[in-house]
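Inspection log for the structure reproduced underneath, given as structure tokens.
Just so we're on the same page: letters track the sequence lines, and every chain starts at 1.
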Amino acid sequence: MSSEGTQGNLDEVRRRSLQAAEEAIRAASSRPDLHLVQAIQALDDADKFLNITATRAAEWYGLHFPELTQMVQDNVALCRIVLSAGKREGLTPELLQGRGFTEKKVEAILTARDRSKGGDISDEDLARVRALASLAVEISGNRDKLNEYVEGAMKRIAPNVREVAGATIGARLMAKAGGLDRLAMLPASTIQILGAEKALFRALRTGARPPKHGILFQHEAVHAAPKWQRGKIARTIANKIAIAARVDYYRGTEEASIRSGLDKRLESIREKYKEPPPRQPERRERPQRRDGDRDRRQKHRRR
Amino acid sequence: MSRVVREERHGRRFLLTPNLARGTRVYNEELVLRGGVEYRTWDPFRSKLAAAMLKGLPEDVIREGDRVLYLGTSTGTTPSHVSDIVGETGLVIGVEFSARVAREFVENVARKRNNVIPYVEDARDPSKYNVAKVDVVYCDIAQPDQTEIALENCRAMLKPGGTLLLVVKARSIDVLKDPRVVFGEEVKKLERAGLAVTSVIELSPFEKDHALVAAKLAA
């Protein structure tokens with residue numbers, strides 16, 4: 001047996017390896033992009049939570065004052081009013097000042113207060129609704145802070161991606177990829193459909209049409225574009241994000257040319273494909289299935 | 001003699017391994033006493049090696065005193081049982097690339113077991129952890145080129161006559177092909193590299209589209 005295999009030697013190897021492994025783990029968990037990934041996911045969580053909580057508070061308070069729920073569309077704004085007013089009798093004109101309502105709206109709310117069709121609410125019930133409203137307002141504040149953090153962190157960590165994709169979309173792509181390093185190593189085609197994995201694999205399996213965009217659909221240039229341009233626009237943006245991520249990761253400088261190149265290219269797409277493509281009468285209603293039969297067989301077997 | 005114990009409880013089959021780190025759990029598994037010895041139950045739904053053994057893989061593929069190169073330790077569930085099996089006289093060299101899961105492997109397994117050496121490295125580069133020749137290479141990494149990676153590691157570290165245990169995840173090699181076709185292709189690759197495949201065990205119902213391939217290097 002070679003000397004590398006002796007027991008004393010291996011104990012020493014183990015001691016060093018443990019140390020090196022722990023060092024590697026420490027180094028990996030202090031990466032700023034991983035904090036950004038957590039933050040964007042916390043932001044998305046907060047949005048869901050906020051929506052649920054504020055909707056519930058509005059629904060509940062609506063038993064007491066349904067007209068207000070009708071007139072104030074923003075549930076978080078409603079929660080703020082509930083917090084300061086309490087029962088609808090507590091709703092004074094002063095309380096409605098400075099909340100961005102028009103004179104007419106304030107007037108309408110006050111009129112509704114006096115002849116509300118809502119039921120009475122006990123102090124105990126109101127206390128629960130207010131606690132819920134307070135939670136919603138708190139989440140909302142936390143959400144805004146997270147948003148600021150994501151903006152700032154993207155500026156520091158991936159300024160070029162931010163410039164091309166926007167801070168939140170850039171951060172979501174990073175979260176999907178697993179960090180800036182991984183995003184920088186992805187091909188643009190993968191970036192284009194990140195977040196649409198389900199549709200992609202369905203397309204591969206059945207021969208249906210592949211998705212044009214995943215997370216990128218949230219990009220304004222994509223979802224605001226007419227349908228027939230979206231694929232081209234998503235592809236172009238994905239191309240530029242791939243370049244931007246690589247510059248951010250490997251070079252770390254800001255390159256204005258990426259954004260300007262994107263804008264130019266988007267402009268020419270919008271110009272060239274202004275009109276919707278003519279409907280192609282010979283196109284099949286349903287695309288041909290490539291592996292259809294086999295796929296169906298497999299499904300049966302698995303069951 | 002293998003140190004793996006088979007048991008049946010309420011009509012379900014279980015595996016047990018003697019706990020090398022007495023009194024500690026790795027993944028909240030059940031600890032039981034048998035003849036004064038503490039054993040850890042080995043969950044086939046969480047460990048592909050346990051699943052394979054319940055589906056016919058001979059338990060003595062890994063024996064007491066063996067040295068094992070374990071690629072893809074993840075959080076250390078299966079490696080902890082391999083560590084139990086090889087015992088104090090054996091060795092587990094555990095390699096995991098992802099720092100996130102390696103953290104749990106190092107904390108819960110490597111720190112507490114003297115026969116485990118951890119590496120946070122890429123299994124594509126065996127020179128980083130080639131500290132001993134081994135009797136068994138166990139490879140569970142979900143990569144399209146996992147078979148090539150496993151073979152590379154066998155060339156670098158597997159003793160003549162040693163065993164390769166390769167977990168093939170058909171879905172990470174080719175999502176479209178029938179899993180059985182993928183298994184067959186990977187087996188061919190091993191045979192072309194001069195290994196003798198001794199068994200191919202599909203892991204259903206414990207895992208979907210997975211198989212464990214056992215192969216021997218000529219002595």
How long is the span from the CG atom in B/Asn114 to the CZ atom in A/Arg14, to the nearest 0.5 Å?
-> 4.5 Å

Answer yes or no: does atom [atom1] of [X] have more than 12 heavy-atom neighbours from other residues, nucleotides or ligands under 6.0 Å?
X	atom1	result
A/Tyr149	OH	yes
A/Arg246	CZ	yes
B/Arg155	CZ	yes
A/Phe49	CZ	no
A/Gln41	CD	yes
B/Arg25	CZ	yes

Between B/Arg67 and A/Leu10, is a side-chain contact (heavy atoms from CB on, under 4.5 Å) present by the stated rule, with each step listed?
-> CA-CA 12 Å; B/Arg67 292 185 168 177; A/Leu10 276 179; 3.5 Å; yes

Just jot down the ring-ring contact (aromatic ring centres under 6.0 Å, His included) partners of B/Tyr39, sequence neighbours excluded, or say none.
-> none

Whatever's closer than 4.5 Å to a heavy atom in chain A on B/Arg100 counts as neither

Under a 4.5 Å heavy-atom cut-off, does chain A meet the side chain of B/Ile93, its backbone, both or neither?
-> neither

Under 4.5 Å, heavy atom to heavy atom: which of residues 17-34 of chain A reach chain B? Give them by number, or say none.
-> A/Ser17, A/Leu18, A/Ala21, A/Glu22, A/Ala24, A/Ile25, A/Ala28

